[in-house]
Structures are given as C-alpha cells and as structure tokens.
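Below, chain A is the first sequence line, B the second, and so on; all start at residue 1.
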Amino acid sequence: MRNRYPLKMREREVGYGRHGSVALGPDRLDANTGTVETVGLYGAASARRFGTRYRPASPNGHAVLICSSLHAEADRHHRREVEIARALAAAGFTVHRFQYRGAGNSDDVASLTFSSLLQDATAELDHLTRLRSGGILVVGVRLGALVAAALSSGPATPLVLIAPLADGLAYFKDAFRAWAVAGVVGGLPGKPSGSALDELQRTGSIDAMGFEVSRDLYESLESVSLRELLRGVPRSIQWISVGPSAGRVATTLVTNLIEDGHRVTQVRYPYVPNWWSMGHELLPGDLEAAEMIDPIIAFAARELR
Amino acid sequence: MIGPLSEEFSWLESGGEELFAVLTEPPSPNGWGVIQLQGLPRVPSSHRNRMAVRLAAQFAAGGFHSVRLDWPGVGESTGRAPRDREIPFDTHAQHVVAASRWLAEHDVTRTVVVGSCFGATTGLASTDDLDHRGLVLVSPFIATVDRPSGLPYDQPRDLSAREYLRIVIRPSVIRSLKTKRQRQRHLDLARHQLASLRARVCASPGARGERAWIDQRTVDRMARALDMGTPIHLVFGAGDSALTDFNEARRGRLGRVLRAHSDQVSVTVVPGSGYIYNSVSRQHAIEQLITQWVVSLRPSDA
C-alpha cells in the first residue's frame with residue numbers, strides 16, 4: 001500500500017535494525033502536516049511493545065515521549081494522546097507513543113508491574129535519546145505520570161503531567177471502586193463479598209469493569225509516590241488538572257513539589273472524565289484534545305529551546 | 001497469557017480516511033479470515049481488556065487470518081468519530097470492504113464478521129457488498145436513533161396511545177416536570193407514542209404492529225443474509241438494552257424472518273447485567289463461544 005521503502009531500509013532509517021526484533025507497518029504521510037507516522041512492534045522477540053513514531057516534516061531536534069496509563073484509563077485517553085502526538089509532530093517535535101507490554105497491541109508480559117512499565121518506557125526513552133539532537137520532554141498521563149517521573153533521564157528533563165496520580169494507591173482507589181460498582185450493577189455471578197483488597201490478595205486479581213487488575217501490579221505500586229520519585233532532581237513541570245477544580249490532594253501535592261524546588265505551572269482542563277466509566281455516551285471533551293494541545297506545545301517549546 | 005503473534009500493520013485507505021489495521025497471520029492458514037469490528041465511540045481495535053488480541057490468537061491457532069481496525073476518529077486512525085445521534089452503519093460498511101480487500105491480498109476470500117454493538121450492525125450492513133460466510137453479532141443495534149433513550153418499555157407497551165396521551169396531557173403531570181431532563185424525557189416519550197401511532201396507521205401490512213423505532217434496514221439485511229445462506233450467531237448480555245430491543249423486534253417481522261431460517265440462526269444470552277463486556281469472566285465465555293462457532297463454520301475437509 002503506502003510502504004514506500006523496503007522494510008530493511010526503513011529499519012535502518014529509523015534506527016531499529018540493530019536494536020531488536022521489529023515488525024513495522026507502512027509509513028503514513030500526513031498530507032496536511034508532512035509528518036510521517038510509523039506503527040510497529042519494537043523490542044526483543046516475544047517482548048515487543050506496540051508503538052507509533054512521529055517524524056516531523058521540519059524537525060526542531062527535540063523529542064517527546066508520551067507515557068500512557070493502563071486499563072480503562074488508557075482506553076479513555078488513547079485518542080487524546082494520538083491528537084497531542086500529531087500536534088507536537090506538526091510543531092516540529094519527534095514523538096514516540098507506545099503501549100506497555102500486556103496492554104493494547106503489544107506482546108504479553110508474564111507479570112505486569114511498575115517495573116515492567118518502567119522497563120518499557122526506559123527502552124523507548126533510550127531510543128528517543130539516540131534519535132534527537134536537542135532536549136527531551138516526557139508526558140505522563142494518570143498512572144503514566146508515575147512512570148514519567150521515575151524515568152532517569154537527567155535533571156533537565158521537563159515533564160507534562162496530565163491528571164497525574166499522587167501515588168500508586170490512587171490508581172487502585174479508582175480500580176477498586178470500579179470493582180465494587182461492577183459487583184452492584186453487573187450482577188456478576190459468584191462475586192464474593194468483602195473488600196477489593198481482600199479479593200485481590202486472595203485470588204491474585206480483581207475484575208474491575210472488565211479489566212483484570214493484578215496483585216503483582218498492586219504490590220509493585222503500593223509504595224510508589226510521585227513526590228518521592230521527583231525528590232532531589234528539580235524539574236520544570238506542567239501540571240494539567242482535569243475537572244473544574246484541581247482537587248485538594250493535587251493542590252497540596254503541587255505546593256509540596258514547589259517546596260521541593262520544582263518549577264510547576266498549572267493548566268486546568270475543564271471537563272470531568274470518568275476514567276473507568278462504562279457508558280457508551282460521549283462525555284464533553286472525551287475525544288478532543290484541542291484545549292490541551294496549545295499549552296503543551298507552548299511548554300515544550302519554552303523548556304526545550 | 002497470549003503468545004507472540006505474527007502480525008502485520010497497515011493504513012487502510014477508505015472513505016477518504018486512513019484506518020489503522022492489524023492483520024494476524026496463522027501459522028497454518030486455512031484460507032478463511034475473520035474481520036473483528038468494535039463498538040463506538042472510543043473502543044480501540046484491541047477492544048476492551050485486549051479481547052480482540054486474544055480472539056486473534058485463538059483464530060490464528062485454528063488457521064484463521066483475522067483483521068481488526070480502528071474506526072475513523074478512534075485510536076490511531078484519521079478522521080472524526082461520530083457523535084451524539086450519528087450511527088453511520090452505511091458509511092462505515094465501506095471500511096469493512098477495505099478490510100476484506102486486505103484479507104484478499106493475503107489469499108483469504110472466505111470471511112466471517114465478528115462485530116460488537118455498532119460493529120455488529122456495521123458488519124451486517126457490509127453484506128450489501130460482501131458475501132460473508134458467517135456473522136457473529138454481539139449486541140447489535142436493532143433500534144434506530146428515534147428510540148427514546150431510557151424508554152420504560154413495559155409502561156407504554158401496556159397502554160394504548162389514547163390512554164397514554166390522556167395521561168401525559170394532565171396538568172398535574174406537566175406540573176411535575178420540574179427539570180429540563182424530566183421535560184426532555186417526557187417529550188421523548190410523547191414523540192415515541194406519536195411515532196408508534198403513525199406507524200400503526202400508515203404501516204404496510206408487513207410492518208403493522210411493529211415499533212416505529214425498529215430499524216427495518218437491519219431487519220432487511222438480516223433477512224437477505226439468511227436468504228443467501230449465511231449463518232448468523234446473535235449474542236446478547238442478559239441485562240443488555242440491545243436484548244430488550246431484539247426481543248421487541250422479534251415480536252414483529254424479525255421474528256418471522258428468524259423462525260423461517262431457524263436452522264441458520266443461533267441466539268445466545270450470556271448471564272449477568274449491565275454492559276456485556278464489563279466482566280472478564282464473561283469476556284472469556286464470549287470469546288470461547290465465538291471461537292467455537294467460527295471454527296465450526298469451516299468444513300473439516302475444506
């Protein structure tokens with residue numbers, strides 16, 4: 001179809017030939033922006049991450065890595081991340097998006113943990129580091145904010161955190177709520193009584209609205225905190241709150257981060273997403289990232305100049 | 001755990017958009033292919049909890065190719081997702097044709113559609129152009145957008161239009177509509193009753209007594225597919241609103257169509273309430289159901 005180069009040539013061109021097993025799709029040339037998008041499976045055989053690479057028509061030398069969330073949150077935000085990536089590429093940034101092993105179109109993983117998420121993100125960042133000539137910015141969404149914060153990419157790496165979680169347990173608060181709601185409205189056969197945590201400990205996983213959330217993931221995240229991950233290395237952070245108010249936890253956390261020496265700018269995105277909602281209905285702002293895009297591009301341009 | 005799959009990616013050019021699509025190749029191809037179609041508005045091609053990836057692995061183990069794609073405006077594809085009351089079965093059916101063409105490039109010409117919700121009805125709409133060997137329709141849309149949302153089915157069904165109208169114009173009822181939502185709902189019900197009345201008065205003999213919001217194009221397509229000999233497996237969740245619509249439609253012409261082709265049609269209702277895929281165990285049960293049915297379509301000596 002649009003496979004304009006032989007596969008080997010494209011592997012060499014994007015720098016993957018000597019770095020593991022690759023299954024690339026054909027390039028997509030965006031007629032409006034000139035960006036070339038390449039989808040593919042990247043990484044070692046049987047442990048490949050599905051990812052999309054965006055090569056801008058007029059590269060500015062800088063690069064952006066987007067770390068998404070997991071489960072329902074990832075589905076909910078997927079399209080926004082695509083739109084943000086396309087807009088950043090149109091503005092000259094080389095962008096990588098990827099799906100963690102065990103999620104989306106990636107290969108499976110024996111145990112999905114914070115460590116496996118971090119391994120995947122680190123591999124992406126390493127590759128991006130080889131490609132770019134300028135700086136790197138990392139975008140983290142929800143749980144992906146913890147991954148972005150944990151990446152050891154040097155003190156100068158600025159971060160964009162979209163509706164970030166204060167800690168690993170915050171992720172499970174929502175997942176446990178989804179489990180409880182499913183138990184009430186879903187009428188699931190054999191759903192035991194008791195807390196979600198009991199169920200998680202007893203059976204090794206919970207069914208949160210049709211997403212399998214494992215004990216391994218819980219145990220790997222229960223002591224992870226955004227503030228601790230960021231401690232010691234002052235960063236420029238763009239904090240994008242989602243909803244009409246930032247929330248008490250977020251306000252306190254931002255204050256703490258500023259006390260820790262980070263430079264934090266806040267942006268508020270007005271719509272309230274229901275991250276684990278089951279509804280088919282379209283909620284305002286579900287599909288469009290327009291209001292998020294300009295502040296992110298402005299931040300990236302300012303921090304990476 | 002899903003083993004590593006042999007997969008190919010593409011951008012299918014269809015309807016002026018470029019649609020991200022994944023083709024899973026089996027180790028021992030049997031010449032058959034499955035087109036997996038998801039719902040809207042934000043379900044990615046991998047589907048909830050990677051259902052489509054697991055299904056692709058199971059199909060591949062049975063020798064079937066499979067294709068899954070992101071609809072326009074969803075996932076990696078270009079374009080704008082439909083919104084509000086848009087349900088573009090007909091326009092999106094062309095994307096199923098594009099997926100079928102991609103399979104044909106891999107020498108796969110015998111196709112089965114496995115569609116969920118919007119994807120199910122769109123897969124059915126693609127039978128206008130394609131001759132599928134089987135259709136798995138999970139919670140297909142039988143109703144048009146004219147069906148009032150949240151319609152309390154039993155209540156209007158038990159009342160005649162005259163009785164209903166007598167109730168809705170009572171001053172006490174109108175005074176009780178305090179919020180915008182209540183007024184909208186009241187208006188929706190009134191519209192529905194009027195549409196039903198109009199359908200009963202103006203309907204052709206074949207459609208007499210049919211709910212006005214039952215999508216006759218969907219019934220037509222199901223009838224034509226069955227006439228052509230295509231087997232259909234319908235799957236619903238017990239608490240699914242699509243099942244309510246289906247049961248309502250089955251009281252009319254759809255029921256007669258299905259009875260006339262009872263040897264080609266199977267209907268499975270999966271226990272549990274709410275959205276059909278909101279339980280991992282139910283997902284696994286449906287995957288098994290689908291895989292077994294699809295595998296059974298292919299003659300063992302084919």
Side-chain angles (χ1 to χ4, degrees), chain A residues 1-3 21 23-28 30 37-41 45-48 50 52 71-72 74-79 82 86 97 99 102-110 178 181-182 184-191 205-212 278-282 286-288, chain B residues 1-13 18 20-22 39-54 56-57 68 70 73-78 80-84 102 105 117-118 149 237-239 241 271-283:
Chain A
M1 290 204 165
R2 284 179 163 244
N3 206 341
S21 163
L24 293 180
D27 292 333
R28 186 185 85 80
D30 189 307
E37 293 183 20
T38 309
V39 290
L41 287 165
S46 306
R48 300 166 303 174
F50 174 79
T52 309
H71 302 123
D75 285 0
R76 196 80 181 183
H77 209 265
H78 185 161
R79 186 63 182 179
V82 171
R86 285 179 177 157
R97 288 180 37 251
Q99 292 173 324
N105 294 309
S106 295
D107 282 349
D108 223 337
V109 63
V181 169
V184 173
V185 303
L188 305 178
K191 176 72 82 183
S205 68
I206 57 162
D207 180 345
M209 290 283 201
F211 291 94
E212 197 163 356
M278 286 307 309
H280 289 291
E281 77 285 0
L282 278 178
D286 256 359
L287 298 176
E288 290 169 357
Chain B
M1 190 165 161
I2 308 166
L5 301 171
S6 172
E7 292 189 320
E8 193 179 315
F9 305 99
S10 189
W11 300 96
L12 303 180
E13 294 184 21
E18 292 170 283
F20 168 72
V22 185
L40 282 175
R42 67 181 83 79
V43 186
S45 54
S46 54
H47 208 185
R48 191 174 192 79
N49 197 31
R50 286 157 56 88
M51 265 193 77
V53 182
R54 288 196 299 274
R68 57 184 189 271
D70 284 335
V74 178
E76 311 290 326
S77 294
T78 65
R80 181 183 75 87
R83 53 198 68 193
D84 299 331
W102 194 27
E105 288 172 18
C117 310
F118 169 83
S149 56
S241 62
S273 58
Y275 176 54
I276 192 165
Y277 294 129
N278 74 351
S279 141
V280 174
S281 57
R282 196 152 54 185
Q283 290 167 12

Peer 1: Taking atom types as modelled, is there a side-chain donor on A:H78 or B:E76 under 3.5 Å from an acceptor on the other?
Peer 2: yes
Peer 1: Name the member of A:A208, A:S205, A:A103 that forms the most heavy-atom pairs with chain B at distances under 4.5 Å.
Peer 2: A:A103
Peer 1: To the nearest 0.5 angstrom, please state how far the CG atom of A:N105 sits from the CD atom of B:E7.
Peer 2: 6.5 Å
Peer 1: Check each atom of B:T78 against the heavy atoms of chain A and say whether the ones under 4.5 Å are side chain, backbone, both or neither.
Peer 2: both
Peer 1: Does a side-chain heavy-atom distance below 4.5 Å link B:R68 with B:H47?
Peer 2: no
Peer 1: Which region of A:E37, side chain (C-beta onward) or backbone (N, CA, C, O), has a non-hydrogen atom less than 4.5 Å from a non-hydrogen atom of chain B, or is it both or neither?
Peer 2: both
Peer 1: Using a cut-off of under 4.5 Å for heavy-atom pairs, which of B:A56, B:G75, B:S46 has the most such pairs with chain A?
Peer 2: B:G75
Peer 1: Anything under 30° is parallel, anything over 60° is perpendicular, the rest tilted; go ahead and classify B:F20 against B:F9.
Peer 2: parallel
Peer 1: For B:V53, which atoms come within 4.5 Å of any heavy atom of chain A: side chain, backbone, both, or neither?
Peer 2: side chain
Peer 1: Can you find a pair of side-chain heavy atoms, one from B:P44 and one from A:D75, that are under 4.5 Å apart?
Peer 2: yes
